[in-house]
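The chains referred to below are lettered A, B, ... by the order of the sequence lines, with proteins before strands, and numbering in each begins at 1.
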There are 2 protein chains.
Amino acid sequence: MQGLYLVTDRPLCGQKSLEDVVLQAVKGGAAYVQLREKDISTRIFVEEARRIKQLLTPYKVPLIINDRIDVVQASGADGVHVGQDDMPYAVARSLLGDKAIIGLSVETWDDVEESQKLGVSYIGVSPVFATPTKTDTKGVWGLAGLAKIKSFSRHPLVAIGGINESNAREVVAAGADCLAVVSAICASSEPEAAARKLKSIIDTALLMRR
Amino acid sequence: MQGLYLVTDRPLCGQKSLEDVVLQAVKGGAAYVQLREKDISTRIFVEEARRIKQLLTPYKVPLIINDRIDVVQASGADGVHVGQDDMPYAVARSLLGDKAIIGLSVETWDDVEESQKLGVSYIGVSPVFATPTKTDTKGVWGLAGLAKIKSFSRHPLVAIGGINESNAREVVAAGADCLAVVSAICASSEPEAAARKLKSIIDTALLMRR
């Protein structure tokens with residue numbers, strides 16, 4: 001996994017529809033989309049996931065659902081992202097099968113070590129920086145923490161938390177293979193341009209790393 | 001399906017543990033248990049469902065999970081109860097298979113007619129009476145509404161909403177095959193005795209109906 005990874009946040013989209021933000025992000029170069037929802041009914045979540053899956057299919061961009069295996073199964077999404085309080089990884093893998101993308105957040109060094117034993121598709125290094133959109137975390141990894149994980153882990157690293165144009169380069173330089181952003185795209189007045197800019201920074205930084 | 005059906009509500013259990021309330025209800029004669037949770041993490045929900053499934057197994061009492069197909073799959077529960085805002089029935093059936101118990105709440109006459117086409121295990125007539133534990137409903141069926149559904153529907157009827165010792169007899173007389181209760185057991189200081197009393201009322205009323 002490499003590139004730009006959009007994590008959705010409907011409230012942050014403001015007047016823009018979530019579908020429009022996703023479409024613009026993908027046109028701008030987002031390679032992965034994670035649909036993250038809280039406080040909506042299962043039915044609405046499933047309907048939204050199906051719409052977004054349909055929208056992503058022509059772009060061959062995988063749809064990843066936050067936490068909810070049932071929504072993955074009901075929508076034809078490509079995988080799930082689970083946190084440490086979500087469905088246990090082993091259960092998610094047994095329910096979704098070998099081909100599914102299954103990402104796991106790591107919030108402590110114990111989580112990182114534990115993830116070495118698992119066949120996760122990636123680990124989500126969460127959060128790299130402090131962020132207002134996710135406050136239930138155990139600490140902040142920082143660039144040094146990210147670099148330490150990179151030197152240890154056998155998994156692709158998706159960095160998340162407070163990432164934007166101003167720090168994207170150094171996050172890739174520190175070892176992130178993918179940058180996940182929420183506000184930097186959802187709250188932007190021009191999501192496509194924001195995605196394009198981020199993708200260009202990531203691509204350049206990945207080249208520099210080789 | 002016939003008899004007493006416990007729907008759990010952790011806050012209503014107060015000082016008592018949910019596991020203890022479930023165990024007492026089953027010892028008192030509850031024939032079905034539905035685990036209903038809001039606002040807990042998937043991981044905690046799964047762990048709780050597994051504990052309760054284990055606890056029910058020796059009693060051969062099926063465990064039904066509210067809404068969450070993923071929790072059913074992860075816990076080995078026997079089925080799911082879905083409301084009109086939850087996972088669509090057809091999706092639930094295709095994910096859980098023919099043997100699963102799948103109940104569907106009906107809140108309007110359209111819901112009742114629609115349910116005739118579906119292979120649901122039962123319909124939940126919700127709510128029969130007004131109730132403080134569920135406020136997002138479209139109206140109250142009353143005994144007359146329940147009787148009308150009984151004369152029309154091909155499915156077993158599980159009545160829910162405001163049912164207690166004082167009205168249980170007439171709810172069965174009006175056509176309910178199962179009585180689902182929340183407060184009448186969870187908020188009772190003696191859940192086993194409360195369940196036993198309700199079961200006895202239901203059994204007698206079912207005999208009278210023949």
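- Between A:Phe152 and A:Trp109, the ring-plane angle classifies as tilted under the 30° and 60° cut-offs.
- Contact count against chain B (heavy-atom pairs under 4.5 Å) is highest for A:Pro88 among A:Pro88, A:Ala92, A:Ser94, A:Ala74.
- Considering only heavy-atom pairs separated by less than 4.5 Å from chain B, the leading option among A:Leu95, A:Val91, A:Asp86 is A:Asp86.
- Using a cutoff of 4.0 Å between basic side-chain nitrogens and carboxylate oxygens, A:Asp177 and A:Lys150 are scored as salt-bridged.
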Between side-chain atoms of residues 53-61 of chain B and protein atoms elsewhere (two or more places apart, or another chain), which donor-acceptor pairs fall under 3.5 Å?
from    : atom 1 : to      : atom 2 : distance (Å)
B:Lys53 : NZ     : B:Asp78 : OD1    : 3.4
B:Lys53 : NZ     : B:Asp78 : OD2    : 2.9
B:Thr57 : OG1    : B:Lys53 : O      : 2.7

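- Ranking B:Ile69, B:Asp39, B:Val71 against chain A, the residue ahead of the rest is B:Ile69, based on heavy-atom pairs under 4.5 Å.
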- Message: As a quick check of understanding, evaluate salt bridge (charged side-chain N to carboxylate O under 4.0 Å, His left out) for B:Glu48 and B:Arg10, giving each step before the final call.
- Response: CA-CA 11 Å; B:Glu48 182 178 85; B:Arg10 257 189 312 131; 3.5 Å; yes
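- Ranked by heavy-atom pairs under 4.5 Å with chain B, the first of A:Val46, A:Ile40, A:Asp67 is A:Asp67.
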